Amino acid sequence: MRFKNKSRSPTTLRCNAGRRCSFSILVWSIVGCLLLLQLYSFISQKDAHYGGAHLRINQHPHFRELEEVEEENIQLPPPRKRSPRAAKRKPKRPTTLIEEFLDESSQLRHVFFPGQRTAIDPRMSFENDTYYYYPGRMWLDTEGNPIQAHGGGILYDQRTKMYYWYGEYKDGPTYHAHKKGAARVDVIGVGCYSSKDLWTWKNEGIVLAAEGNNETHDLYKLNVLERPKVIYNEKTGKYVMWMHIDDTNYTKASAGVAISDYPTGPFDYLYSKRPHGYESRDMTLFKDEDGIAYLVYSSEDNSELHIGPLNEEYTDATQAMRRVLVGQHREAPALFKHEGTYYMITSGCTGWAPNEALAHAAESIMGPWETIGNPCIGGNQVFRQTTFFAQSTFVLPLPELHGSFIFMADRWNPADLKDSRYVWLPLRVAGPVDQPLEYNFGFPLWSRVSIYWHKRWRLPYRWQEII
């Protein structure tokens with residue numbers, strides 16, 4: 001009898017435990033289904049809102065053409081001849097493509113820096129060459145001079161219906177301030193170019209000039225002025241420029257501010273400071289749809305980025321600030337926004353040498369920011385690992401072409417900085433990322449950012465009217 005009772009008791013317990021377990025599984029299954037339905041509904045609503053535009057853009061043959069991968073096959077030159085004794089004493093390893101790029105006497109120099117014979121010249125263009133971008137080629141203005149707008153950005157001015165391209169006006173000889181110093185040229189100022197079509201650029205002159213005599217001035221010619229960006233303040237009617245200001249030894253690490261009543265200047269220099277009390281080097285501006293502007297800069301020996309809103313006049317940083325990409329050593333930030341998500345392209349910290357770009361994404365501009373990988377597509381492996389031998393400076397939205405942008409980068413020429421080139425390429429935001437974040441239950445939160453390599457490309461004819 002006791003044996004039967006004992007056998008019955010655990011059977012009853014197993015039955016109750018099974019019922020409780022089954023009930024728990026049922027509840028969690030319902031919760032999971034509801035979460036999946038909510039996520040699907042959110043994605044469907046988002047797709048429905050933008051679906052028509054996506055359909056029109058993606059079906060356009062020109063955009064399919066821009067997304068086709070273009071490959072590069074650059075053969076390294078044969079090694080220079082050496083005597084057998086020298087080769088035996090110190091065997092020389094093969095040079096890399098990056099070393100060839102940095103070598104002023106390389107036989108591949110013309111590949112990375114083509115001569116003036118191949119320059120983009122709007123005065124001399126033929127019908128089959130008009131409006132084409134050639135990344136890395138010399139680019140001439142309407143007067144036939146090389147465009148000098150390095151490390152810059154573009155402002156579209158609603159009042160004049162013009163694009164204004166601001167950048168570092170580099171001229172004169174390249175030199176080293178001291179033995180371990182980086183290559184540099186004397187400060188001349190900020191150049192400005194205007195355009196209606198983003199291809200034909202008129203030189204508007206130096207809109208913020210260097211100071212030639214006053215050695216205590218931030219803009220003294222032997223100091224540093226880099227990465228100028230300009231935004232417009234509707235409340236004050238002022239055009240506001242921010243830039244990286246430094247001394248010869250890069251120890252000042254500050255951000256400078258200048259203002260003007262006109263997009264073509266002249267700009268009045270106000271002051272420089274370390275925003276939020278921290279070092280500020282490579283920087284950019286971002287103006288959101290609500291009119292709030294943000295300053296983004298590399299700090300703490302370029303080990304992290306800082307992001308914070310500006311005041312209502314855009315002439316100073318507020319106290320709010322967030323540290324992002326901490327310990328990742330990123331610089332050259334270029335921000336843009338698409339469908340409510342903030343994206344940013346950054347560069348590694350390797351001086352004038354090119355390195356791998358990374359794309360980042362965030363739901364809020366103040367973070368947290370997640371890294372979503374290298375956006376570069378095409379070329380070859382070395383091209384992708386060096387951002388096509390260039391460094392990010394700005395991402396220009398094309399509102400008429402949904403999900404499309406122009407990625408602007410500089411191909412620096414450390415041997416002759418004034419001959420640094422511009423690499424403009426199509427950037428698209430579309431489709432899920434390759435590696436979804438773990439905490440999103442396997443569902444990607446961000447869209448893929450893709451920068452496509454092309455030796456020759458252009459925007460669709462009459463692109464403003466494509467939609």
Side-chain angles (χ1 to χ4, degrees), residues 63-74 96-102 108 111-113 133-137 150-151 153 282 284 305 325 328-336 338 341-361 369-398 401 403-413 420-436 444 446-459:
F63 284 92
R64 291 198 298 271
E65 178 184 328
L66 289 182
E67 291 182 356
E68 292 178 0
V69 174
E70 194 168 348
E71 297 295 335
E72 289 282 356
N73 184 21
I74 300 176
T96 66
L97 202 55
I98 296 177
E99 289 172 330
E100 292 290 340
F101 170 79
L102 295 172
L108 297 178
V111 174
F112 302 111
F113 300 97
Y133 299 106
Y134 290 85
R137 287 194 185 183
H150 309 283
D282 276 12
T284 193
L305 294 178
L325 306 184
Q328 296 190 35
H329 296 274
R330 309 302 297 176
E331 63 179 10
L335 269 75
F336 59 103
H338 177 62
T341 298
Y342 298 88
Y343 295 93
M344 177 165 55
I345 308 293
T346 64
S347 160
C349 301
T350 54
W352 295 117
N355 57 64
E356 183 181 38
L358 289 177
H360 317 271
W369 285 81
E370 298 289 345
T371 300
I372 57 177
N374 185 342
C376 298
I377 296 176
N380 57 35
Q381 184 178 4
V382 180
F383 267 60
R384 293 188 291 274
Q385 291 176 345
T386 58
T387 319
F388 313 117
F389 292 92
Q391 184 183 40
S392 54
T393 183
F394 197 74
V395 174
L396 176 66
L398 300 173
L401 307 177
S404 298
F405 304 79
I406 294 180
F407 172 70
M408 297 170 52
D410 295 283
R411 179 173 289 175
W412 298 114
N413 183 353
S420 298
R421 307 299 176 83
Y422 309 103
V423 174
W424 286 24
L425 291 167
L427 182 152
R428 298 273 286 136
V429 181
V433 294
D434 297 321
Q435 298 179 341
W446 322 115
S447 293
R448 181 186 292 116
V449 177
S450 303
I451 303 170
Y452 299 95
W453 170 251
H454 292 275
K455 299 177 184 177
R456 176 180 186 263
W457 72 282
R458 67 175 174 179
L459 294 168

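Being a predicted model, the structure only gives us computed values, none of them experimental.
Shortest non-hydrogen contact noted between Ser404 and Arg428 is OG-NH1, 3.0 Å. In terms of heavy atoms, Gln391 sits closest to Ser347 at NE2-OG, 3.2 Å. For the pair Ser392 and Ala332, the tightest heavy-atom approach, listed with the atom from each and the gap, is OG-O, 2.8 Å. Shortest non-hydrogen contact noted between Cys376 and Ala357 is SG-CB, 4.4 Å. Pairing each heavy atom of Met344 with each of Pro333, the nearest pair is SD-CB, 3.9 Å. Pro426 and His454 get closest at one heavy-atom pair: CG-CD2, 3.8 Å.
Using a 4.5 Å heavy-atom cutoff, the side chains of Asn73 and Asn380 are not in contact. Side-chain contact between Val429 and Leu427 is present, with heavy atoms from C-beta onward closer than 4.5 Å. The shortest distance between side-chain heavy atoms of Tyr342 and Trp369 falls below 4.5 Å. Within the 4.5 Å cutoff, the side chain of Pro354 has no heavy atoms near those of the Thr387 side chain. Counting only heavy atoms from C-beta outward, the side chains of Arg421 and Phe112 never approach each other to under 4.5 Å.
Remark: Glu356 pairs with no residue by the salt bridge (charged side-chain N to carboxylate O under 4.0 Å, His left out) rule, at least two apart or across chains. Residues passing the side chain to side chain donor-acceptor pair (under 3.5 Å) test with Tyr134 are Asp129, Arg456, sequence neighbours excluded. Scanning for side chain to side chain donor-acceptor pair (under 3.5 Å) contacts around His329 gives an empty result, with sequence neighbours left out. With sequence neighbours excluded, the residues forming a side chain to side chain contact (heavy atoms under 4.5 Å, CB included) with Val111 are Ile74, Leu108, listed by chain and number. Residues meeting the ring pair (Phe, Tyr, Trp, His ring centres under 6.0 Å) test with Trp453, sequence neighbours left out: Phe383, Phe388. Applying the salt bridge (charged side-chain N to carboxylate O under 4.0 Å, His left out) criterion to Asp282, with sequence neighbours excluded, gives Arg227. A search for ring pair (Phe, Tyr, Trp, His ring centres under 6.0 Å) contacts involving Tyr343 returns Phe336, not counting sequence neighbours. Applying the ring pair (Phe, Tyr, Trp, His ring centres under 6.0 Å) rule to His360 yields no partners; only residues at least two apart in sequence or on another chain are considered. Contacts of Ala359 classified as side chain to side chain contact (heavy atoms under 4.5 Å, CB included), with partners at least two apart in sequence or in another chain: Ile345, Ile372, Pro375, Val449. Taking the side chain to side chain donor-acceptor pair (under 3.5 Å) definition, one finds that Arg330 meets it with Thr346, sequence neighbours left out. In this view, Tyr452 satisfies the ring pair (Phe, Tyr, Trp, His ring centres under 6.0 Å) rule with no residue, not counting sequence neighbours. In terms of the side chain to side chain contact (heavy atoms under 4.5 Å, CB included) criterion, residue partners of Asn413 (sequence neighbours excluded) are, by chain and number, Arg109, Phe113, Ala415, Asp416, Asp419, Ser420.
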Review point. When you look at Phe389 and Val423, which way does the side-chain contact (heavy atoms from CB on, under 4.5 Å) test go after all the steps?
Key: CA-CA 9 Å; Phe389 292 92; Val423 174; over 6 Å; no
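Tested against Tyr133, the residues Tyr422, Trp457, Phe407 include a single ring-ring contact (aromatic ring centres under 6.0 Å, His included) partner, Trp457.
Residue Glu72 holds its CD atom at 14.5 Å from CD of Gln381, rounded to the nearest 0.5 Å. Taking CG from Leu358 and OG1 from Thr371, the interatomic distance works out to 6.0 Å, rounded to the nearest 0.5 Å.
Asp410 contributes no side-chain N or O that, together with a main-chain N or O of Trp412, makes up a donor-acceptor pair within less than 3.5 Å. Side-chain atoms of Thr393 do not come within 3.5 Å of backbone N or O of Met408 as any donor-acceptor pair.
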